Trainee: 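So that we are looking at the same thing, I have put the structure below in structure tokens.
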Amino acid sequence: MFKMKTRSKKRLLTGDRPTGGLHLGHYVGSIQNRIKLQDEYDSFFIIADLQVYTDQIQKAKRVGENIYELMADYLALGLSENNTFFIQSQVPELAELTIYLSFLTQVSRINRNPTLKNEIKMYGTKSISLGLYSYPVSQASDILAFNPDVVPVGKDQLPHIELTRVLARKFNRDYSNVFNIPKGLLGDTPILVGTDGQDKMSKSLNNAIFLSDKDEDIHNKVMKMYTDPNRVRATDPGKVEGNPLFVYHRLFNPDVKEVLDFETRYKNGTVGDVEVKKRLSEVLIDFIAPIRSKREKYIKDKGHIDSVLKRGINNARMVATETVSGVRKGLGINYGDKFR
Ligand code: TRP
């Protein structure tokens with residue numbers, strides 16, 4: 001673990017699949033936390049393009065465009081360009097490390113991974129690829145190649161972090177002490193409920209408000225939002241807890257007194273849903289409009305995004321190359337430059 005000591009800052013690594021633009025759920029669930037942590041940690045953000053291919057190879061043509069959308073959202077939300085942003089496929093050392101780690105991975109352990117089990121259930125056992133089946137090992141490589149101290153993720157990713165830790169310990173014990181044992185870090189904001197009030201906000205469930213949404217889209221989504229289904233008239237006492245109107249007000253309305261006042265009046269049946277919604281629509285528009293205009297500027301300046309990624313990829317490759325070289329040595333795949 002000699003490498004750790006020379007670091008002036010602890011290292012953080014996390015990332016996303018580039019499946020399109022981000023929504024409010026991404027913001028409160030993870031990006032906000034990253035913004036908070038980015039100064040304290042040397043931060044690495046992986047854009048996991050190959051992970052998209054594990055289950056949507058037919059959609060993979062859009063991945064390149066999605067990477068710009070994602071980068072524009074990151075930067076518009078306030079992640080600093082000085083962080084290391086990199087694309088998974090552009091760091092081939094990760095693929096090499098995946099092979100090595102696959103030798104240390106028991107199939108029975110993969111079979112027990114609850115997150116993967118859920119995904120397999122969604123696709124039906126017959127149609128899944130070996131690439132999907134083994135992606136937890138690939139994700140362990142995404143992490144271990146950079147020897148981070150912390151990996152901030154959502155709860156569903158914890159089984160992958162656990163596998164990562166198991167593989168790191170095993171390698172250190174049986175071959176060579178190459179890996180730091182990273183810790184998963186859960187953010188303090190829970191999963192954000194979608195506009196349907198039923199499930200977590202998610203692109204595929206059609207219950208999301210995106211950072212790219214226009215003012216009138218935001219307004220329409222808010223006006224159609226699920227509230228307390230038992231409330232027929234504005235004079236009926238309403239339920240505040242778990243009501244997405246108030247979940248969003250609490251998170252995005254800077255006027256805390258107004259929110260409390262709405263809540264009291266809602267419970268007492270002295271304010272209508274429409275009034276609360278109209279105000280929420282303004283609040284969300286105030287929040288999203290400046291981000292949207294920034295992201296539009298970034299999207300137009302692809303050259304700038306390219307330069308941020310190029311710098312990130314270079315840095316990521318440098319770090320990963322060193323790790324993988326230690327792994328090769330540990331395994332005895334160590335021919336030096338004899339064959340060059
Ligand atoms: N699986 C993560 C997701 O779906 C993306 C990801 C890939 C990731 N590699 C990672 C997250 C490494 C944290 C660390 O969002």
Side-chain angles (χ1 to χ4, degrees), residues 11-23 25-34 37-38 41-56 59-60 63 66-67 69-71 73-74 79 83-95 97-98 101 110 113-120 122-123 131-168 179-187 191-192 200-204 208 312-313 316 319-320 323:
R11 186 172 291 161
L12 171 158
L13 181 137
T14 187
D16 300 289
R17 298 181 183 196
T19 53
L22 299 181
H23 52 60
H26 294 116
Y27 174 68
V28 301
S30 67
I31 309 295
Q32 208 174 16
N33 195 32
R34 295 180 200 179
L37 297 171
Q38 66 179 343
Y41 290 90
D42 176 23
S43 300
F44 282 61
F45 298 115
I46 182 168
I47 300 178
D49 59 340
L50 296 179
Q51 227 176 75
V52 179
Y53 290 70
T54 59
D55 63 2
Q56 328 184 29
K59 287 192 206 153
V63 166
N66 290 344
I67 290 173
E69 300 266 331
L70 186 59
M71 280 299 294
D73 282 334
Y74 284 162
L79 283 178
N83 295 310
T84 299
F85 294 98
F86 65 99
I87 303 172
Q88 185 186 23
S89 67
Q90 300 311 297
V91 183
E93 290 75 19
L94 297 177
L97 185 55
T98 300
L101 293 181
I110 295 290
N113 182 312
T115 299
L116 183 68
K117 271 202 221 154
N118 267 337
E119 283 162 331
I120 291 179
M122 268 167 55
Y123 296 104
L132 171 65
Y133 193 66
S134 63
Y135 95 81
V137 184
S138 159
Q139 186 156 333
S141 303
D142 296 343
I143 297 168
L144 292 177
F146 305 98
N147 267 322
D149 299 282
V150 295
V151 186
V153 284
K155 224 171 158 187
D156 62 320
Q157 299 293 303
L158 287 180
H160 301 334
I161 310 286
E162 196 41 44
L163 172 68
T164 305
R165 290 163 59 84
V166 166
L167 293 175
F179 295 121
N180 188 34
I181 311 296
K183 280 199 189 74
L185 202 67
L186 284 180
I191 286 163
L192 183 67
K200 81 169 189 178
M201 187 176 281
S202 153
K203 184 181 178 170
S204 56
I313 290 163
V319 176
T323 310

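As the structure lists them, so they are numbered: ligands from 1, and atoms in each ligand from 1. Not measured: the values here are computed from a predicted model.
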Trainee: Tell me the protein heavy atom at minimum distance from atom 2 (C) of ligand 1, and give that distance in Å.
Mentor: Gln157 OE1, 3.4 Å
Trainee: Taking all non-hydrogen atoms of both residues into account, name the closest pair between Ala316 and Thr84 and its distance.
Mentor: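 That would be N-CG2, 4.2 Å.
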Trainee: Atom 15 (O) of ligand 1: which protein heavy atom is closest, and how many Å away?
Mentor: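 Of the protein heavy atoms, Gly15 O, 4.0 Å lies nearest.
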Trainee: Relative to ligand 1, is His160 under 4.0 angstrom through side chain, backbone, both or neither, heavy atoms considered?
Mentor: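 His160 to ligand 1: no contact under 4.0 Å from either part.
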Trainee: Number the atoms of ligand 1 from 1 as they appear, then name those within less than 4.0 Å of a heavy atom of Thr14, with their elements.
Mentor: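 Contacts of ligand 1 toward Thr14, numbered from 1: 13 (C).
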Trainee: Provide the number and element of each atom of ligand 1 under 4.0 Å from a heavy atom of Ala48.
Mentor: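 Listed by number with element, the hits are 7 (C).
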Trainee: Starting from atom 8 (C) of ligand 1, find the nearest protein heavy-atom neighbour and note its residue, name and distance.
Mentor: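 The closest heavy atom on the protein side is Gln139 NE2, 3.5 Å.
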Trainee: At their closest point, which heavy atom of Pro182 faces which heavy atom of Leu144, and how far apart are they?
Mentor: CD-CD2, 4.0 Å
Trainee: Is it true that Arg11 and Asp42 have a side-chain N and a carboxylate O under 4.0 angstrom from each other?
Mentor: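 Answer for the salt bridge query: yes.
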Trainee: Could you tell me if Tyr74 and Asp16 have a donor-acceptor pair between their side chains, going purely by distance under 3.5 Å?
Mentor: yes
Trainee: What protein heavy atom sits nearest atom 4 (O) of ligand 1, and how far away is it?
Mentor: Arg17 NE, 3.2 Å
Trainee: How does Gln88 reach ligand 1, if at all, at less than 4.0 Å between non-hydrogen atoms: by side chain, backbone, both, or neither?
Mentor: neither
Trainee: Atom CG of Asp73 and atom CD1 of Ile31: how far apart are they, to the nearest 0.5 Å?
Mentor: 8.0 Å
Trainee: Can you sort out which atoms of ligand 1 are near Leu13, meaning under 4.0 Å from one of its heavy atoms?
Mentor: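 Here the atoms of ligand 1 in question are 12 (C), 14 (C).
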Trainee: Please write down residue, atom name and distance for the protein heavy atom closest to atom 9 (N) of ligand 1.
Mentor: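 The closest one turns out to be Asp142 OD2, 2.8 Å.
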Trainee: If every non-hydrogen atom of Val137 is compared with every non-hydrogen atom of Thr98, which pair is closest and at what distance?
Mentor: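 Closest heavy-atom pair between Val137 and Thr98: CG1-O, 3.8 Å.
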Trainee: Starting from atom 7 (C) of ligand 1, find the nearest protein heavy-atom neighbour and note its residue, name and distance.
Mentor: Gln51 NE2, 3.2 Å
Trainee: Find the distance between CG (Leu116) and CG (Leu132) and round it off to the nearest 0.5 Å.
Mentor: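 Spacing of CG (Leu116) from CG (Leu132) equals 5.5 Å.
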Trainee: Distance from Ile46 atom CD1 to Gln51 atom CD, nearest 0.5 Å?
Mentor: 8.0 Å
